[in-house]
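These figures come from a predicted structure and were not determined experimentally. Throughout, numbering of the chain's residues begins at 1 and tracks the sequence.
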Amino acid sequence: MKTVVIGAGITGLVTAIRLRQAGQDVTLVTKGIGGLQLGQGTLDVFGYSPDRVDNPIAEVDKVAASDPTHPYAAIGSDNVRKGLEYTAGLLDGLVEGDPEKNVLLPTAVGAMRPTAYIQPSMANGVITADSKFLIAGPRQLKDFYPQLIAGNLARTDLPGGGRIQARPGSFSIPARGTEADSSGLNYARALDRPEYRKEFAAQIKPLAKEGETVGLPAMLGLRDRNAWRDLQDLIGAPIFEIPLPPPGVPGMRLNEHLTDLAKELRVKIILGSPVVSGTEENGRVVSVTVASTGHDMVIKADNVVLCTGGFESGSLELDSYGIMSETIFGLPLVGTEIPEPTHGQYWGDPQPMFRVGVKVGEDMRVLDASGQPVYDNLYAAGGILAGSIRWTEKNGEGVAVGSAYAATEAILGGNS
């Protein structure tokens, strides 16, 4: 069997890897490198609904039962659990967590963000009533403001009452040479080197007081998984990472690991070439056409999985007449019956169009208005599914890996 997976975010990568591990011939086609490195490097299952959620998998069940238009209604909590377990296994220790419990982590503005699966380098930063933080960063890093973060953390009430202790600190060390403006990625690459970690730790160690946990920008190594542990030993105090604005190093770690794994498994990856159309015969997509330099490429397929995201990735479009469309297959969209798909209040409610997407059945096949599959072998997963504003509900990865698991389970016939 030959499957074409379109899109290289976490949905596409997990889908391609699982099918390849099952012995399928898999081609992953993507016009870009996917959105994983734009995220926090965590796996969100359900953060807000609309209030802060403590048990994310229980919220999946609740929303699935009460809102048939939500993607979790089709995916189901069993697929979410299995998808999370499978993905965590692929990541081989890069994430840890519990689908039944959200933890609170500091953000780059000093807010407290709920999530279910975190990287080990973030674990010491889980907020509890007795947390006592030193928030510190190099002056050469312009996207990290210790005073802002510590100040907001210290004045924010905890869910159970009370507040934590947090204070700011800063030090001076460039990532390269004498540069006055260093990026998080440059620091991460530098901190992969043991000799640089010693210099970096020497700047932080005098700042930490007894009993404090040191919060640092999320750049403590890119390729070296143990860079943060070595740095912690050198500082002599527990440390943790606070994700920066995108692109983010923790997300890059996940992306690089999954991409490397896909390559090791011999997934055929076509990068930088968008799928522009498909060919249909007898109710099935028999091939997709890929735009490439010089001439278009036609790839035959027994199954196609659409993991292209939504409006933010260009998979869905809104034209100047207010018409919304899916850009590859012209698939029917649900949620388009809105008088004003956008509004001008940047800091107001989410744009209504972001709930628009394709409708799928429990097997993740794309459905038409009558509830029948548009094509017998066309599946959709991740951000293209209708009914959820993922960044508001903080459930993007849960939807992604849950639907990826459900789609691959259907393609493999439950015999994986």
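- The backbone N or O of Gly161 sits nowhere less than 3.5 Å from a side-chain atom of Asp157 that would complete a donor-acceptor pair.
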*What do the steps show when you test Thr115 against Asp44 for side-chain hydrogen bond (donor to acceptor under 3.5 Å, both in side chains), and what is the final call?*
CA-CA 5 Å; Thr115 190; Asp44 297 344; 2.4 Å; yes
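- Using a 4.5 Å cut-off on side-chain heavy atoms (C-beta onward), Leu216 and Ile204 make contact.
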*Can Asp25 and Arg20 be said to form a salt bridge (Lys or Arg N to Asp or Glu O under 4.0 Å), step by step?*
CA-CA 6 Å; Asp25 181 345; Arg20 183 70 191 117; over 6 Å; no
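- When every heavy atom of Val399 is checked against every heavy atom of Leu385, the shortest pair comes out as CG1-CD1, 4.4 Å.
- Between Gln232 and Pro238, some side-chain heavy-atom pair lies under the 4.5 Å cut-off.
- Proximity of Phe329 to Val288: side-chain heavy atoms (C-beta onward) are separated by under 4.5 Å at one or more points.
- Residues Asp192 and Arg223 are not paired through a salt bridge, judged by the lack of any N-O separation under 4.0 Å between the basic side chain and the carboxylate.
- A donor-acceptor pair shorter than 3.5 Å can be found between the side chains of Glu59 and Ser49.
- Here the CG atom belonging to Leu261 is positioned 11.5 Å from the NZ atom belonging to Lys263, to the nearest 0.5 angstrom.
- Without hydrogens or angle criteria, Ser131 side chain to Ile127 main chain gives no donor-acceptor distance under 3.5 Å.
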*asked:* side-chain contact (heavy atoms from CB on, under 4.5 Å), that's the test. Do Gln21 and Leu265 meet it? Break it down for me.
replied: CA-CA 7 Å; Gln21 285 180 330; Leu265 291 168; 3.8 Å; yes
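- Taking the ring centre of Tyr375 as origin, the terminal cationic atom of Arg365 falls outside the region bounded by 6.0 Å and 45° from the ring axis.
- Remark: side-chain polar atoms of Asn124 are paired, donor with acceptor, to backbone N or O of Ile239 under 3.5 angstrom.
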_Chi angles and distances behind the salt bridge (Lys or Arg N to Asp or Glu O under 4.0 Å) call for Asp302, Lys2_ = CA-CA 5 Å; Asp302 296 301; Lys2 183 170 185 176; over 6 Å; no
*Go through the steps for Thr87 and Val95 under the test side-chain contact (heavy atoms from CB on, under 4.5 Å), then give the verdict.*
CA-CA 9 Å; Thr87 303; Val95 296; over 6 Å; no
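- Looking at heavy atoms from C-beta onward, Leu19 lies out of side-chain contact with Ile17 at the 4.5 angstrom threshold.
- When every heavy atom of Ile389 is checked against every heavy atom of Pro350, the shortest pair comes out as CD1-CB, 3.4 Å.
- Lys394 NZ to Thr42 OG1: the interatomic distance, rounded to the nearest 0.5 Å, is 10.0 Å.
- At least one side-chain heavy atom of His70 sits less than 4.5 Å from a side-chain heavy atom of Asn395.
- In summary, Arg253 and Asp224 do not engage in a salt bridge, as defined by a charged side-chain N under 4.0 Å from a carboxylate O.
- Ring-plane geometry between Tyr196 and Phe200 is classed as tilted, the angle between the planes lying from 30 to 60 degrees on a 0 to 90 degree scale.
- Between Lys82 and Glu409, no side-chain nitrogen of the basic residue sits less than 4.0 Å from a carboxylate oxygen of the acidic one, so the salt-bridge criterion is not met.
- No side-chain donor from either of Ser315 and Glu326 sits under 3.5 Å from a side-chain acceptor of the other.
- With Ser403 contributing its side chain and Gly382 its backbone, the two residues share a donor-acceptor pair below 3.5 Å.
- No side-chain donor from either of Asp296 and Thr289 sits under 3.5 Å from a side-chain acceptor of the other.
- Using a 4.5 Å heavy-atom threshold, the side chains of Met1 and Asn303 count as touching.
- Glu340 CD: 12 or fewer foreign heavy atoms inside a 6.0 Å radius.
- Distance check, rounded to the nearest 0.5 Å: CG of Leu207 to CD1 of Ile235 gives 9.5 Å.
- Closest of all the heavy-atom pairs between Pro246 and Leu38 is CB-O, 3.5 Å.
- Side-chain polar atoms of Asp61 and Ser77 form a donor-acceptor pair below 3.5 angstrom.
- A distance-only check finds a donor-acceptor pair linking the side chain of His343 to the backbone of Asp349 [under 3.5 Å].
- Panel note: side chain Thr30, backbone Gly32; a donor-acceptor pair is recorded below 3.5 Å.
- Residues Ser388 and Glu393 have side chains that bring a donor and an acceptor to within less than 3.5 angstrom of each other.
- Side chains of Gln24 and Thr3: a donor on one and an acceptor on the other come within 3.5 Å.
- The closest side-chain donor-acceptor pair between Glu100 and Asn55, if any, does not fall under 3.5 angstrom.
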_Full working for side-chain contact (heavy atoms from CB on, under 4.5 Å) between Ile10 and Leu43_ = CA-CA 10 Å; Ile10 189 170; Leu43 303 184; 3.9 Å; yes
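- Salt bridge Lys101/Asp54: absent, no basic N to carboxylate O contact under 4.0 Å.
- Contact annotation: the side chain of Leu318 approaches that of Thr342 to within less than 4.5 Å [non-hydrogen atoms, C-beta and beyond].
- Salt bridge Glu212/Arg167: present, at least one basic N to carboxylate O contact under 4.0 Å.
- Glu179 and Arg139 are not joined by a salt bridge, as no carboxylate oxygen comes within less than 4.0 angstrom of a charged side-chain nitrogen.
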*asked:* Could you go through Val4 and Val305, starting from their C-alpha distance and side-chain angles, then the distance that decides it, and tell me whether this counts as side-chain contact (heavy atoms from CB on, under 4.5 Å)?
replied: CA-CA 6 Å; Val4 174; Val305 188; over 6 Å; no
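- Note that the CZ atom of Phe354 and the CD atom of Glu312 stand 7.0 Å from one another [nearest 0.5 Å].
- Heavy-atom minimum distance, Leu412 versus Arg18: CD1-NH1, 4.3 Å.
- Scanning both residues, Gly47 and Asn102, for their nearest heavy atoms gives CA-ND2, 4.1 Å.
- A side-chain donor-acceptor contact under 3.5 Å links Asn79 to the backbone of Ile75.
- Rounding to the nearest 0.5 Å gives a distance of 7.5 Å between OG of Ser182 and CG of Leu141.
- Atom CD of Glu256 has more than 12 neighbouring heavy atoms from other residues, nucleotides or ligands inside a 6.0 Å radius.
- Side-chain contact between Thr11 and Val5 is absent, with no heavy-atom pair separated by less than 4.5 Å.
- With rounding to the nearest 0.5 angstrom, the CZ atom of Arg225 is 11.0 Å from the OG atom of Ser121.
- Defined by atom type and a distance below 3.5 Å, a donor-acceptor pair is missing between the side-chain atoms of Tyr405 and Glu85.
- The minimum heavy-atom distance between Pro159 and Leu104, with the atom names listed, is CG-CD1, 3.7 Å.
- Side-chain N or O atoms of His257 include none that pairs as donor or acceptor with a backbone N or O of Met252 at under 3.5 Å.
- Heavy atoms from other residues, nucleotides or ligands lying under 6.0 Å from CZ of Arg52 number more than 12.
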